[in-house]
Amino acid sequence: MSFTIQVRMKRIGKQKKEDLRPVPFVLERKPETVKELLVLLTRLLVQEYNARKDEGQLVKYLTREEIKEKASAGKVSFGLRGGEDGDPEAAAENALQCFADGIYRVFYGEEELEKIDGEIPWKDGEVFTFIRLTMLSGW
């Protein structure tokens with residue numbers, strides 16, 4: 001049974017309010033702990049990356065809106081160009097280590113989820129927010 005969550009990601013620094021729109025993610029099941037949430041979400045994102053990395057575009061161009069959006073994120077590019085598949089398990093381990101190291105924090109609504117084994121206090125309509133705290137962590 002799949003389970004949909006809403007997630008928004010924020011980096012410390014220059015980011016506009018409209019960049020914080022929640023994005024839906026369909027997980028394979030409802031996570032009970034922060035660790036389970038991070039593992040399920042990371043695996044999903046790696047699977048999506050692997051599925052789209054080799055997709056080609058017939059015509060390669062960027063619209064003005066895409067250029068503006070990419071410029072506000074700090075990098076204007078055409079996207080992915082093949083390469084090795086991501087390893088979902090290695091990525092999940094990395095995500096857990098980054099959480100433990102304080103590279104990012106996770107909030108559910110207004111509540112910070114600080115403990116990796118802490119249970120998620122599920123409430124209707126709440127959104128997860130991931131905040132990257134260091135400029136060198138890569139997303």
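Remember, it's a predicted structure, so these values are computed and weren't measured experimentally.
Residues that satisfy the side-chain hydrogen bond (donor to acceptor under 3.5 Å, both in side chains) test with Thr129, not counting sequence neighbours, are Arg8. A search for side chain to side chain contact (heavy atoms under 4.5 Å, CB included) contacts involving Val23 returns Phe25, not counting sequence neighbours.
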_Chi angles and distances behind the side-chain contact (heavy atoms from CB on, under 4.5 Å) call for Lys35, Thr33_ = CA-CA 5 Å; Lys35 180 178 181 178; Thr33 65; 3.9 Å; yes

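Contact detail for Gln6 and Pro22: the closest heavy-atom pair is OE1-CB, 3.5 Å. Nearest approach of Ala92 to Thr42, heavy atoms of both residues: N-CG2, 3.5 Å. Summarising the geometry of Pro121 relative to Glu111, their closest heavy-atom pair is CG-OE1, 3.6 Å, with the distance given to 0.1 Å.
Expressed to the nearest 0.5 Å, how far CD of Gln47 lies from CD of Glu28 amounts to 7.5 Å. One distance of note links NZ of Lys30 with CG of Leu40; it measures 13.0 Å at 0.5 Å rounding. Leu27 contributes atom CG, which lies 11.5 Å from atom CE of Met1 (distance to the nearest 0.5 angstrom). We find the CD1-CG distance between Ile120 and Leu113 to be 6.5 Å, quoted to the nearest 0.5 Å. Taking CZ of Arg105 as the reference point, atom SG of Cys98 lies at 14.0 Å (rounded to 0.5 Å).
Between the side chain of Tyr108 and the backbone N or O of Lys123 there is at least one donor-acceptor pair closer than 3.5 Å. A donor-acceptor contact shorter than 3.5 Å is absent between the side chain of Asn50 and the backbone of Asp85.
Between Val34 and Phe99, the closest side-chain pair of non-hydrogen atoms falls below 4.5 Å. Side-chain contact check for Ile5 versus Leu37: some heavy-atom pair is nearer than 4.5 Å. Taking the side chain as every heavy atom from C-beta outward, Ile116 and Leu96 approach each other to under 4.5 Å. For the pair Leu38 and Tyr104, the minimum side-chain heavy-atom distance is below 4.5 Å. Residues Val46 and Asp87 are not in side-chain contact: their nearest non-hydrogen atoms beyond the backbone lie 4.5 Å or more apart.
Below 30°, between 30° and 60°, or above 60°: for Phe3 and Trp122 the angle between ring planes is above 60°, a perpendicular geometry.
Look at Glu36 and Arg29 and you find a salt bridge, because one of the NZ, NE, NH1 or NH2 atoms lies within 4.0 Å of a carboxylate O, short of that distance.
Atom CD of Glu119 sits in a sparse spot, with 12 or fewer heavy atoms from other residues, nucleotides or ligands closer than 6.0 Å.
Hydrophobic clustering places Met9 together with Phe128 (ILVMFWY residues linked when any side-chain heavy atoms are closer than 4.5 Å, directly or through intermediates).
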